[in-house]
Amino acid sequence: MKKEFLGANSRFKTPPSESLINGAFAYELEASKYLYQGLSFADLAHVAALKKGGIITDAVYSELVTKLVEFHHVKLEQLDFDPYIGDVYNNRDEILKQHIGDLAGYIHIGRARREASTISWQLCCREKITGLIKQVVNLISSFETVCKSHKSTYMSDFTYLQHAQPTTLEHYLLTFVMPLTRDLERLKTALQFVNKSPAGSGSVNGSQLNIDREYLADLLGFDGLVEHTRDAMWAPDMVLDIMTPVISIMTTLDRLSEEFIIWGSKEFDYIDFSDQTSRTSVIMPQKKNPYGLAYIRGQARSLTGVFMSLINTNQTISGQPDNRIFAYYEVPRALDYVITCVDLFNDVLTQSTFNKKQLNAAAGEGFTYSTDICDMLIMETNLDNRSVHKIVGLAVRQCIDNHTSELTLDDIYQAAQKLDISLPKINPDKFAQNIDPQSIVNNRQGIGSANPEAIQTMYININSAIQKTVGYVDSLQLESFEQSFFTKLAK
């Protein structure tokens, strides 16, 4: 049987041009690996709905569903898709016709290509978002393990890459866990949206055929409907809902990747990367380049570009295909990339070694205790912040001018005297406590601080957030979707 493009000997007199075949159609076929399996579920569900609505006979249904179930187990690699035929939907239709003849024509009753493709795309995204949630949970778990092993690893925190205040490596790394925790909530929101059914929409304004949309939603494992039929066919915000946590996750990984790359330099020497996540130089044999982090950093920027392009393709006038043509391929691919990046970063984090000696030594360098000296002076003298800020700032400048790296109580008195600010006698023990990194960390009692008790509360909150998202994912029972689908289909 000769292959035919859709519309041949009907609406169209001539076949598509080579430029259309090699351009748009070839690009659309790249989405076949994401859409093919879902199209099978969409076809089977639609045929079942046609039979339930009395639109096709029991005999047609029986023969058609038997053939479709057989074809369901044919792998994509076994099929020869041809861009001459068009996208994955048209190619599947053509191959079905080759196998079961005109019987395949019943599949399209009351259903647009966009409906079937969108169902397939949402099924694919649903699976991948679920996989991404699991990967993020694993990464957060790895962060917790690494963090807890560095409760007593003191370091200098940074602003503008300059020494700021003493902290612990545990508290510093938790900086990046918190947005990942929020990303789980964003992923959950995206999953809830993706898990609403567009099936039975009839392209834009519904159908006069008796197609039970709620039945279709239940059969396909969706958690309800995208109610408005036209909205169900386009829903541009669904793309944004999916891509927002993707970009947020990659932004977090990028930020820490950037810092780790700097930390791994000889000038910092805070971290040593494992051989497994590194690559050597072709010309400089002494080097161990943090190649995994470079890949993550580049992928973060690349996916940001994809996000912007998807935003733009959704800013067309109503009813344009642009948003789906590109979303069918780019969104699942973006999910694939972020999953691999999360997995790779997990390896970098767990396989690297932090230089505790170097980190601890840096904790008190660069006058990191200056803010705490200010706070101590305020509490001991009742002076205003601007005054003590001037005193400490001048004392630090004098130390730098004198090439000394340690601030003393005498330096504070001398600076106050030069500024003509009267200081009462300061308890030397109080001063000593406020230049010691460990005491500084322990003195912080506020919510979210580096104090061990505050950190323990954060762990509790992080794990509570994880359980909420994981609980929702578990309730969907997506791992048994295919079995459940065929069980319902057989009823």
Is atom [atom1] of [X] surrounded by more than 12 heavy atoms (other residues, nucleotides or ligands) closer than 6.0 Å?
X	atom1	result
Gln276	CD	yes
Lys288	NZ	yes
Glu479	CD	yes
Ile460	CD1	yes
Tyr291	OH	no
Gln417	CD	no

State whether [X] and [Y] are salt-bridged, where the test is any N-O pair (Lys NZ or Arg NE/NH1/NH2 against Asp/Glu carboxylate O) under 4.0 Å.
X	Y	value
Asp223	Arg126	no
Glu144	Lys148	yes
Arg186	Asp183	yes
Glu330	Arg333	yes

When you compare the side chain of [Y] with that of [X], does any pair of heavy atoms fall below 4.5 Å?
X	Y	value
Thr153	Glu170	no
Gln165	Arg444	yes
Leu132	Ile249	yes
Gln299	Thr340	no
Phe307	Met250	no
Asp372	Asn443	no
Ser475	Tyr472	yes
Ile391	Cys374	no

Could you tell me the separation between the [atom1] atom of [X] and the [atom2] atom of [Y], rounded to the nearest 0.5 Å?
X	Y	atom1	atom2	answer
Leu219	Ser484	CG	OG	8.5 Å
Ile129	Gln122	CD1	CD	9.5 Å
Asn355	Ile271	CG	CD1	10.0 Å
Leu180	Thr252	CG	OG1	5.0 Å
Ser281	Gln286	OG	CD	7.0 Å
Asn360	Ser156	CG	OG	12.0 Å

*asked:* Going by ring pair (Phe, Tyr, Trp, His ring centres under 6.0 Å), name the pairs with one or both residues in residues 331-354, residues two or more places apart or in two chains.
replied: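 Qualifying pairs: His150-Phe354, Phe260-Phe354.
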*If a pair satisfies ring pair (Phe, Tyr, Trp, His ring centres under 6.0 Å) and one of its residues is in residues 361-415, list it, with sequence neighbours excluded.*
none
_Taking salt bridge (charged side-chain N to carboxylate O under 4.0 Å, His left out) as the definition, give me every residue that meets it alongside Lys188, ordered by chain and number, with sequence neighbours left out._
none
Look only at the side chain of [X] and the backbone of [Y], and say whether a donor-acceptor pair between them is shorter than 3.5 Å.
X	Y	result
Ser302	Gly298	no
Thr368	Ala363	yes
Ser480	Gln483	no
Asp436	Gln433	no
Glu380	Ile426	no

*asked:* If the test is side chain to side chain donor-acceptor pair (under 3.5 Å), which one of Asp87, Thr118, Asn323 qualifies with Tyr328?
replied: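 Among Asp87, Thr118, Asn323, the one meeting side chain to side chain donor-acceptor pair (under 3.5 Å) with Tyr328 is Thr118.
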*Show the numbers, then the answer: is there a side-chain hydrogen bond (donor to acceptor under 3.5 Å, both in side chains) between Thr408 and Asp411?*
CA-CA 5 Å; Thr408 67; Asp411 295 324; 3.0 Å; yes
*Residues two or more places apart in sequence or in another chain: which of them pass side-chain contact (heavy atoms from CB on, under 4.5 Å) with Asp237?*
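Per chain and number, Asp237 pairs via side-chain contact (heavy atoms from CB on, under 4.5 Å) with Phe193, Ala235.
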_Partners passing side-chain contact (heavy atoms from CB on, under 4.5 Å) against Ile378 (at least two apart in sequence or in another chain)_ = Asn385, Val388
*Gln37: partners by side-chain hydrogen bond (donor to acceptor under 3.5 Å, both in side chains), with sequence neighbours left out*: His72
Minimal non-hydrogen separation, [X] against [Y], with atom names:
X	Y	answer
Val396	Leu407	N-CD1, 4.2 Å
Pro290	Ile261	CG-CG1, 4.1 Å
Ile455	Ala450	CD1-O, 3.6 Å
Asn346	Thr350	O-OG1, 2.8 Å
Ala116	Ala42	O-CB, 4.1 Å
Trp234	Arg324	O-NH2, 2.6 Å

How about [X] and [Y]: does a side-chain donor come under 3.5 Å of a side-chain acceptor?
X	Y	value
Tyr34	Ser120	no
Thr229	Arg213	no
Asn138	Ser141	no

*asked:* Does Tyr27 form a ring-ring contact (aromatic ring centres under 6.0 Å, His included) with Tyr329? I'd like the steps, not just the answer.
replied: CA-CA 9 Å; Tyr27 174 81; Tyr329 177 62; 5.7 Å; yes
*Would you call the rings of Tyr270 and Phe268 parallel, tilted or perpendicular if under 30° counts as parallel and over 60° as perpendicular?*
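Answer is perpendicular, since the angle exceeds 60°.
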*Worked verdict on Ser248 versus Arg182 for side-chain hydrogen bond (donor to acceptor under 3.5 Å, both in side chains)*: CA-CA 9 Å; Ser248 181; Arg182 295 190 292 273; over 6 Å; no
